[in-house]
Amino acid sequence: MNKRADFGSDLEQAAFWMPFTANRQFKKAPRLLARAEGMYYWTPEGREVLDGTAGLWCVNAGHCRPKIVEAVKRQVATMDFAPTFQMGHPIAFEFAERLARIAPEGFSRVFFTNSGSESVDTALKIALAYHRARGEGQRFRLIGRERGYHGVNFGGMAVGGLQANRKTFGPGVAGVDHIRHTHDLGRNAFSRGQPEKGLEFAEELERLCALHDPSTIAAVIVEPLAGSAGVLVPPKGYLERLREICTRHGILLIFDEVITGFGRLGHPFASQRFGVVPDLFTTAKGLTNGTVPMGAVFLKDSLYQAFMQGPESSSSGIELFHGYTYSGHPVACAAGIGTLETYEDESLLTRAQSLEKHWEDAAHSLKGTRHVIDIRNCGLVAAIELEPRPGAPGRRAYEAFVKAFETGVLIRVTADIIALSPPLIIEKPQIDRLYQTLREVLPQVA
Ligand SMILES: Cc1ncc(COP(=O)(O)O)c(C=O)c1O
């Protein structure tokens with residue numbers, strides 16, 4: 001298991017076109033992982049790597065947890081696949097039921113997908129269809145936010161606010177607009193927890209309502225804490241204000257909880273941490289601890305009921321013309337149930353609360369380290385923002401990422417921002433090691 005992987009040929013000629021990867025650079029100098037357990041990965045040569053990113057924000061309970069492994073083994077040997085179109089299997093019903101139990105009050109319905117991207121596109125489609133079902137089909141606009149990341153499918157890409165997406169693929173979907181992001185280094189640098197300044201950024205939504213006529217807007221989608229575009233913690237009062245504006249104009253508020261869901265911020269979901277309730281929210285990643293791909297959209301019972309009002313006799317009686325071959329896949333559901341049991345056994349969905357102060361102090365101890373221009377944190381998430389190297393944005397953080405990996409710590413970078421989001425089982429000495437590694441690595445980067 002620990003021996004070097006044999007690719008049979010030069011890796012530079014490998015068939016695998018790697019996602020979100022500089023393929024030519026990577027294939028010249030690969031970083032490979034071959035095994036994982038608990039807080040660690042091991043390279044094919046057997047070198048230990050501390051996981052500072054829970055894989056890709058998904059392995060919240062740590063790697064290869066026995067209950068999840070056993071549940072998957074059992075299910076794959078019992079029933080590998082069964083359809084959920086006009087058919088059902090008990091484990092999908094059971095998993096949805098258990099999820100509804102940990103969701104905020106009133107979120108009693110769950111629609112299964114296979115990824116965060118699919119959850120986002122599903123939520124957007126549910127929002128559009130909901131308004132139509134209620135005779136408000138004129139609500140076709142979708143509002144996202146600059147620097148938002150909502151996955152790679154057309155809907156999520158369009159409401160997302162990443163420049164690179166627009167540059168590469170165009171605007172994607174018509175009828176989409178964006179409010180501005182909340183990043184404000186000038187006023188909020190080195191904030192601990194929610195920044196004090198920036199509530200007024202929510203007023204941007206009122207501006208778009210005035211511009212477009214609010215009765216044409218179906219939904220607003222935001223990450224309660226923006227992750228992939230650099231960890232942007234919502235300013236105090238900001239989410240509350242978005243909620244008020246949406247409620248006033250009959251606009252659905254969607255929280256994209258693909259990374260904030262399942263304990264990342266010390267509560268099962270970010271809406272519980274911030275005390276702001278959306279109308280729908282999307283999840284994936286921690287839903288199955290990353291073991292089997294799966295996503296889920298949670299919605300309020302009132303939304304579900306709006307779809308259940310039409311005549312059952314019309315054509316097939318299908319209330320929402322949407323679904324994936326693998327919606328509610330039995331093996332994914334088994335992984336999900338094993339995951340929920342592991343979260344429950346070890347109180348992982350709230351564990352971040354007890355670690356947050358230590359985590360915050362450790363992160364902010366990097367203030368004054370070479371290149372660092374901001375540190376921000378919330379729950380078990382932190383970002384260390386670096387001053388970009390003149391003429392080479394993103395290079396500095398990328399070099400820190402490579403050096404940290406060589407030193408035995410996995411971090412994640414986006415542009416010149418280092419993002420940290422370890423498994424929720426992390427212990428204090430491992431937190432200290434994570435930040436000590438950065439303290440040593442950053443001064444070595446030019
Ligand atoms: C907030 C958010 N939404 C959606 C996605 C897309 O999820 P996936 O990569 O599973 O499609 C991500 C992925 O990082 C995310 O962070």
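Small disclaimer: the values here were computed from a predicted structure and weren't measured. Atoms within a ligand are numbered from 1 in the order they appear, just like the ligands themselves. In what follows, residues are counted from 1 in the order of the sequence shown.
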- request: Specify side chain, backbone, both or neither for H150, according to which of its non-hydrogen atoms lie closer than 4.0 Å to ligand 1.
  value: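 For H150, only backbone atoms sit under 4.0 Å from ligand 1.
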- request: Tell me which part of W57 gets within contact of ligand 1: side chain, backbone, both or neither, using heavy atoms under 4.0 Å.
  value: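 Under 4.0 Å from ligand 1, W57 contributes no heavy atoms.
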contact_flag S228 ligand 1 heavy-atom lt 4.0 Å: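 A heavy atom of S228 does come that close to ligand 1.
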message: Could you check whether any heavy atom of K285 sits closer than 4.0 Å to an atom of ligand 1, since that is the contact criterion I want to use?
response: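 Right, K285 reaches ligand 1.
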Can you sort out which atoms of ligand 1 are near [X], meaning under 4.0 Å from one of its heavy atoms?
X	answer
I259	16 (O)
E223	1 (C)
S115	10 (O), 11 (O)

field: E204 side chain to H178 side chain, donor-acceptor N/O pair below 3.5 angstrom
entry: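 Their side chains do not contain a donor-acceptor pair, so the 3.5 Å distance test is not met.
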message: Which option wins on minimum heavy-atom distance to atom 11 (O) of ligand 1: P293, S117, G160?
response: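 Shortest heavy-atom distance from atom 11 (O) of ligand 1: S117.
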message: On a heavy-atom basis, I'd like to know which of A284, G116, G156 is closest to atom 7 (O) of ligand 1.
response: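 Shortest heavy-atom distance from atom 7 (O) of ligand 1: G116.
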- request: Taking atom CZ of F321 as the centre, report whether more than 12 heavy atoms of other residues, nucleotides or ligands fall under 6.0 Å from it.
  value: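 Counting other residues, nucleotides and ligands, CZ of F321 stays at 12 neighbours or fewer.
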field: Shortest protein heavy-atom distance from atom 3 (N) of ligand 1, along with the residue and atom involved
entry: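 Ranked first by proximity to atom 3 (N) of ligand 1 is D256 OD2, 2.7 Å.
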NZ/NE/NH1/NH2 to OD/OE distance under 4.0 Å, E200 and R187: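 Judged by the 4.0 Å cut-off on N to carboxylate O distance, E200 and R187 do form a salt bridge.
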- request: Report yes if the distance between the aromatic ring centroids of F262 and F269 is under 6.0 Å, otherwise no.
  value: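 Yes, the ring of F262 comes within the 6.0 Å limit of the ring of F269, centre to centre.
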- prompt: Are the aromatic rings of F95 and F112 close, with centres under 6.0 Å apart?
  reply: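 They qualify: ring centres under 6.0 Å apart.
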- prompt: Taking the six-membered ring of Y343 as reference, does the NZ or CZ atom of R351 fall below 6.0 Å from its centre and within a 45° cone about the axis?
  reply: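 No, R351 does not lie over the aromatic ring of Y343.
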query: Within a strict 4.5 Å, meaning less than it, do heavy atoms of the R376 and I417 side chains meet?
result: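 Side chain of R376 against side chain of I417, heavy atoms only: contact under 4.5 Å found.
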